[in-house]
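Letters A, B, ... mirror the listed sequences (proteins, then strands); counts begin at 1. All values below were derived from every heavy atom in this structure, side-chain atoms included, with hydrogens, water molecules and symmetry-related copies excluded.
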Protein chains: 2
Amino acid sequence: MIKTGIYYAYWVSDWDTGFIPFIEKAGTLGFEVLEVNAGTISKMSRKERTEIRNAAEYAGISLSACIGLHPSSDIASEDISVRTRGIQHLHSIGDAMKDCGIDRLSGIIYSSWPGKLEGRSISKQQALAYSIASMKEAVKTAEDNDLVYNIEVVNRFEQFLLNTAAEAVEYVRTVDSPNLKILLDTFHMNIEENSMYDAITTAGPHLGHFHLGENNRRPPGGLVGFSWKDIFSSLHAIHYDGWAVMEPFLNPGGEVGRDISVFREIMPAADLDEEAKKSCEFIKGIIRSFTDESAPALI
Amino acid sequence: MIKTGIYYAYWVSDWDTGFIPFIEKAGTLGFEVLEVNAGTISKMSRKERTEIRNAAEYAGISLSACIGLHPSSDIASEDISVRTRGIQHLHSIGDAMKDCGIDRLSGIIYSSWPGKLEGRSISKQQALAYSIASMKEAVKTAEDNDLVYNIEVVNRFEQFLLNTAAEAVEYVRTVDSPNLKILLDTFHMNIEENSMYDAITTAGPHLGHFHLGENNRRPPGGLVGFSWKDIFSSLHAIHYDGWAVMEPFLNPGGEVGRDISVFREIMPAADLDEEAKKSCEFIKGIIRSFTDESAPALI
């Protein structure tokens, strides 16, 4: 059954933080997964990573990791030293994940975040070729440690290489590793895909991770918003059995507000814990409706 | 009745161009309005502007103008010389519009495009205060010449000041000129607003212009996409009688592809004229259904 999770940065203004309080909070609010920042764990000591692993095991929470590579570690760069740094960074992230007991990474791991075509001396096709060659190296850590790396399809304003599920499928087919899959995110699909159903179907067996968020990154559910039953019906149709991690961002300020481009309170005066809890219950209810045979059939 | 239009840049790769062929094309395809680039007409001679005016009159096409101010003309800048340049630029645009017989301007005329908060030495509130003070000056050209300036609400990746209709309403109320109104665009609302219906209702009598586009900037209509009947029903409910101008962007390359962040063919091998014509017919049909009393009522 699909597990429901939340990204820790929902609660913080700056990316680097200790994750243990959020492991406990996620469990209390009903989540089964906490997604953490892969960059942060890669900077931690082995002792700190072991503490995270133990805290997650104690709370019964699974962990996933996410990152957008910094432009100085862009594995699609025309500069070989930048690509090499990126591949090395992905290797150390793989090591850090192992220490934390994390088996899946996702994000903009195929280039940089943000990543513009403008300013590069190469074309999109050339950048893609560099990225694919780098990824064939980087994914070896995943293959050696039974990890899955998921390339995140994002909107045009954050990256130029992979804006659609179709582009991502072509990428993973070219790299051709069972440890390389795709992350689709409803916020990004809503900007780029003709149809979320088609995008999920196109990803099919290559879909390794899934991010949830309403159109403006509110937590899923509420009076207006996406048709989550249809979205999970599409996931059900392709037999998706990965995790569904919400990635809401509601407040401006700090590194997170700056990097996510949040310039106003998206839900003024919202109680973050309460909204997360409601959204978690809502999503878990939908997931149950597809697995519980006693639930009414969806049309 | 709402007139249906199209933005000329649908057909070009670079912003500066002659508009007369597109005036004729728009008419042939069924449109009643062509929207042109205000920056381009501001650089034209009076003779060239008169030719545009005559061509539009001859074709029976109304013209509107649109611009995103360059950062060097940002009227929200902390640098008084940049703000002054922006105000001057808006004055010369107003003069150029008069020569062309254009009575409405819209776009990011309250700051710059693109416009990030990062890198400024002032807060969003301070930038907003500079913008409003500048606009009180700039709008005088509109007041003196019976023009309407419409501030465009755009997504977070293109501007930080006005991402929602509610923010724009507060802005125009503060400037308090009958010649300053709001442009809402379905592409941008889809990223930022909880509900397009609420956004249109919030703008209400302040709505002076309206842009159409599907979620990924395809022309309106087709097998999947927004509920255009609901969108026009919302416009009907607020008695909107301005124009509805589609602003599709389908192809990468050139200044336009770069600035709009199009990195792939959104509709591969599409016949641009044919798609525009189909979309124009579709939108005009919906508009007629709200004004033709013999048309079946919409639920």
Side-chain angles (χ1 to χ4, degrees), chain A residues 111 114-120 123-125 127-128 153-164 166-167 170 186-199 213-218 222-226 230 249 252-253 255 257-268, chain B residues 111 114-120 123-125 127-128 153-164 166-167 170 186-199 213-218 222-226 230 249 252-253 255 257-268:
Chain A
S111 180
K116 281 276 181 194
L117 177 58
E118 201 183 347
R120 290 173 197 253
S123 69
K124 174 178 173 175
Q125 279 314 313
L128 210 46
V153 180
V154 296
N155 72 73
R156 62 186 70 190
F157 303 109
E158 305 194 50
Q159 243 295 326
F160 69 103
L161 278 182
L162 302 178
N163 296 148
T164 64
E167 290 179 311
E170 201 178 324
T186 55
F187 171 74
H188 297 297
M189 284 194 283
N190 177 55
I191 301 175
E192 298 297 345
E193 304 281 0
N194 292 342
S195 142
M196 290 201 204
Y197 169 81
D198 286 349
E214 294 286 1
N215 69 307
N216 58 12
R217 311 201 92 158
R218 304 187 312 280
L223 291 175
V224 289
F226 295 147
D230 289 339
F249 294 101
E255 295 167 1
R258 177 196 68 199
D259 294 346
I260 301 293
S261 299
V262 182
F263 301 115
R264 67 187 197 278
E265 290 184 344
I266 306 278
M267 292 178 77
Chain B
S111 180
K116 281 277 182 194
L117 178 57
E118 201 183 348
R120 290 174 197 254
S123 68
K124 174 179 173 175
Q125 279 313 312
L128 209 46
V153 180
V154 296
N155 72 73
R156 62 186 70 188
F157 302 109
E158 305 196 49
Q159 243 295 326
F160 69 103
L161 276 181
L162 303 178
N163 296 146
T164 64
E167 289 179 311
E170 202 178 324
T186 55
F187 170 75
H188 297 296
M189 284 193 283
N190 177 56
I191 302 176
E192 297 297 345
E193 304 282 0
N194 291 342
S195 141
M196 290 200 205
Y197 169 82
D198 287 349
E214 294 286 0
N215 68 308
N216 58 11
R217 312 201 92 159
R218 302 187 313 283
L223 291 174
V224 289
F226 295 148
D230 288 339
F249 294 101
E255 295 168 2
R258 176 196 69 199
D259 295 346
I260 301 294
S261 299
V262 182
F263 301 114
R264 68 187 195 278
E265 289 185 343
I266 305 279
M267 292 178 77

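- Interface residue A:Q159: only backbone heavy atoms are found under 4.5 Å from chain B.
- Only the side chain of A:N155 comes within less than 4.5 Å of a heavy atom of chain B; its backbone N, CA, C and O stay farther away.
- With a 4.5 Å cut-off on non-hydrogen atoms, A:E118 touches chain B through its side chain but not through its backbone.
- Neither the backbone nor the side chain of A:E214 comes within contact range of chain B; no heavy atom of the residue lies under 4.5 Å from a heavy atom of that chain.
- Judged purely by distance below 3.5 Å, without hydrogens or angles, the side chains of A:N190 and B:N215 never pair a donor atom with an acceptor atom.
- With a 6.0 Å cutoff to the six-membered ring centre and a 45° limit on the axis angle, B:R217 does not count as a cation-pi contact of B:F249.
- Interface check for chain A: of the options B:N163, B:T164, B:N194, the most heavy-atom pairs under 4.5 Å are formed by B:N194.
- Here the closest heavy-atom approach between residue A:E193 and residue A:A199 is recorded as CD-CB, 3.4 Å.
- Here the shortest heavy-atom pairing between A:V224 and B:S195 reads CG1-CB, 4.2 Å.
- By the 4.5 Å heavy-atom criterion applied to side chains, A:L161 and A:E167 are not counted as neighbours.
- Contacts between A:Y197 and chain B at a heavy-atom distance below 4.5 Å are absent for every atom of the residue.
- Taking each heavy atom of A:R120 and A:S111 in turn, the nearest pair found is NH2-OG, 3.8 Å.
- Highest contact tally toward chain B, considering only A:R264, A:M267, A:K124, A:R258, is held by A:R264 [criterion: heavy-atom pairs under 4.5 Å].
- For A:E170, there are no side-chain contact (heavy atoms from CB on, under 4.5 Å) partners two or more places apart in sequence or in a different chain.
- Contacts with chain A were tallied for B:I266, B:I260, B:N216; B:N216 has the most, counting heavy-atom pairs under 4.5 Å.
- Neither the backbone nor the side chain of A:M196 comes within less than 4.5 Å of any heavy atom of chain B.
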